2 protein chains.
Amino acid sequence: MNEILSATGQGQTVSETVYRSLKMDILSGVIPSGSALLTRDLLARYDCGISPLREALARLVGEQFLEATSHRGVKVPQPSISDVEDVYRIRIALEREALALALTHGDDEWEGEIIATCHRMEKATLPDHVADQPTSIIEWEIRHRAFHHSLIKAAPSPRLLKLIDQMVDQTERYRALRLTGMDRAKIQGDVAAEHRKLMELVLARDPASLDFLSQHLDRTRVAVISILSER
Amino acid sequence: MNEILSATGQGQTVSETVYRSLKMDILSGVIPSGSALLTRDLLARYDCGISPLREALARLVGEQFLEATSHRGVKVPQPSISDVEDVYRIRIALEREALALALTHGDDEWEGEIIATCHRMEKATLPDHVADQPTSIIEWEIRHRAFHHSLIKAAPSPRLLKLIDQMVDQTERYRALRLTGMDRAKIQGDVAAEHRKLMELVLARDPASLDFLSQHLDRTRVAVISILSER
DNA sequence: ATCGTCAATAGTTTGGAAAATATTTGTATA
DNA sequence: TATACAAATATTTTCCAAACTATTGACGAT
């Protein structure tokens with residue numbers, strides 16, 4: 001027990017730690033979709049008692065990262081086309097709203113953050129040999145997410161931002177799918193141009209940025225679905 | 001324990017019962033906003049063990065009906081104007097989306113349900129002396145919610161409908177405020193007319209129903225905020 | 001051979017006790 | 001008198017064992 005606490009580093013609770021680990025394992029695909037999670041396996045895997053595990057499972061079920069059927073345990077939901085559409089639809093509706101708010105309320109610091117995160121994202125597309133720390137495509141993904149987050153960060157709506165975060169988390173499950181056929185060349189080309197354009201529109205507080213963002217997200221949706229339906 | 005199970009009536013679990021009771025007590029305002037909830041008081045109040053109580057608390061924190069700080073328990077969040085705006089903003093964005101989907105996918109059964117729930121809502125505004133069961137303003141509220149739900153029910157987006165339900169739950173906390181100065185006369189008058197109009201637009205699959213719904217919800221938002229700011 | 005019943009098994013839920021953490025109180029010192 | 005430190009107290013968090021419930025498979029009757 002002391003080991004667990006020291007392992008977490010901070011004064012986090014055990015259930016919080018288990019929650020994070022389990023969520024990461026689900027999103028990263030370590031636990032394959034459709035597989036049922038056996039209680040005793042989970043207890044061994046995360047080395048904790050029943051109570052924190054149950055609390056973590058309850059939270060994940062509430063956030064729809066897991067499905068629970070009475071007396072038959074929990075399982076990772078199978079990805080479906082209709083679910084992808086559902087998630088992206090909500091995400092687009094909410095991000096539109098958030099961006100509209102950000103355009104109204106954003107200040108200089110907000111603008112600076114956008115430029116900074118965009119810069120970091122573009123840097124992650126450069127060849128590795130110059131950088132001290134090689135940047136992988138995963139690293140680009142992380143910075144990509146940070147960029148999108150920075151656009152709407154100025155929206156004075158904590159609930160809205162939190163919901164968007166949840167929806168983005170949901171799409172994380174399809175990360176591998178999204179990145180299929182998306183090599184460094186493509187990121188340096190089309191995608192980079194699109195992000196540049198988006199940033200310019202946002203910094204200019206152009207209302208057209210709303211539609212542009214919607215279309216940008218919708219293109220991702222279409223890509224994910226087309227890959228998903230080829231199976 | 002047997003007493004508890006028999007008291008619940010059904011084969012519900014204790015944690016489920018505690019969850020419902022606690023949520024009701026929060027929404028109905030029995031537990032005042034801003035007050036911290038002490039574990040031992042709650043144990044006594046709901047007459048249960050620690051485990052089911054913790055599970056109920058965890059769920060309510062997840063749904064943002066309670067705020068939790070590590071090792072300092074949970075408390076009922078203070079209502080604020082900005083939070084009301086936040087909730088209504090999200091609700092409007094999501095219900096617009098859902099209604100648009102419902103207009104496309106709704107079938108005859110959906111139309112029938114709308115007419116039925118509207119009828120029931122209007123019936124609840126009639127004088128009591130004719131009805132066997134007197135209908136209170138609370139009953140109208142319940143049917144009002146059912147009516148609004150019926151409008152978007154045909155949207156093939158389980159996640160969207162669930163999120164909307166959560167937002168509507170959040171506005172339940174302001175029910176008392178909403179109903180202030182809203183007597184039977186008003187419900188029979190302006191509000192009824194507005195609902196009728198909304199229903200007609202929806203049944204005609206008129207795209208204008210989207211804006212009309214937005215405005216309808218926004219009027220409620222304004223009303224709640226004006227009452228809230230007068231204090 | 002099929003259906004229904006019953007035991008065996010796996011999984012869930014609960015209560016209480018112990019551990020960990022935060023807060024308050026009390027005391028000594030400057 | 002004020003401040004820092006330490007003990008005491010209050011509260012939350014975790015663990016585990018026991019009670020409970022549903023599902024599965026086997027057995028016997030029709």
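Being a predicted model, the structure only gives us computed values, none of them experimental.
Taking atom CG on Leu53(A) and atom P on dC15(D), their separation rounds to 10 Å, with Å as the unit. For the pair Asp41(A) CG and dG11(C) C1', the interatomic distance rounds to 13 Å; values are reported in whole Å. Between the CG atom of Leu57(A) and the P atom of dT12(C) there is a distance of 9 Å, rounded to whole Å. Between the NZ atom of Lys75(A) and the P atom of dG11(C) there is a distance of 15 Å, given to the nearest Å.
By the 4.5 Å heavy-atom criterion applied to side chains, Ile164(B) and His148(B) are not counted as neighbours.
Each of Thr17(B), Thr13(B), Val18(B) was evaluated against Ser15(B); a single residue qualifies, Thr13(B), per the side-chain contact (heavy atoms from CB on, under 4.5 Å) test. Among Thr117(A), Ile114(A), Asp165(A), the single residue meeting the side-chain contact (heavy atoms from CB on, under 4.5 Å) criterion with His149(A) is Asp165(A).
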TODO: Apply side chain to side chain contact (heavy atoms under 4.5 Å, CB included) to the pair Val202(B) and Trp110(B), showing each step before the final yes or no.
DONE: CA-CA 11 Å; Val202(B) 169; Trp110(B) 168 69; 3.7 Å; yes
Between the protein and nucleotides 11-13 of chain D, list the N/O to N/O atom pairs that are separated by less than 3.5 angstrom.
residue : atom : partner  : partner atom : Å
dT11(D) : OP1  : Arg40(B) : NH2          : 3.2
dT11(D) : OP2  : Arg40(B) : NE           : 3.0
dT11(D) : OP2  : Arg40(B) : NH2          : 2.8
dT12(D) : OP2  : Thr39(B) : N            : 3.3
dT12(D) : OP2  : Thr39(B) : OG1          : 2.4
dT13(D) : OP1  : His71(B) : N            : 3.0
dT13(D) : OP2  : Arg54(B) : NH1          : 3.2

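Salt-bridge annotation for Glu139(B) and Arg143(B): present, with a side-chain N of the basic residue lying under 4.0 Å from a carboxylate O of the acidic one.
For Lys23(A), the NZ atom counts as densely surrounded, since its 6.0 Å shell holds more than 12 non-hydrogen atoms of other residues, nucleotides or ligands.
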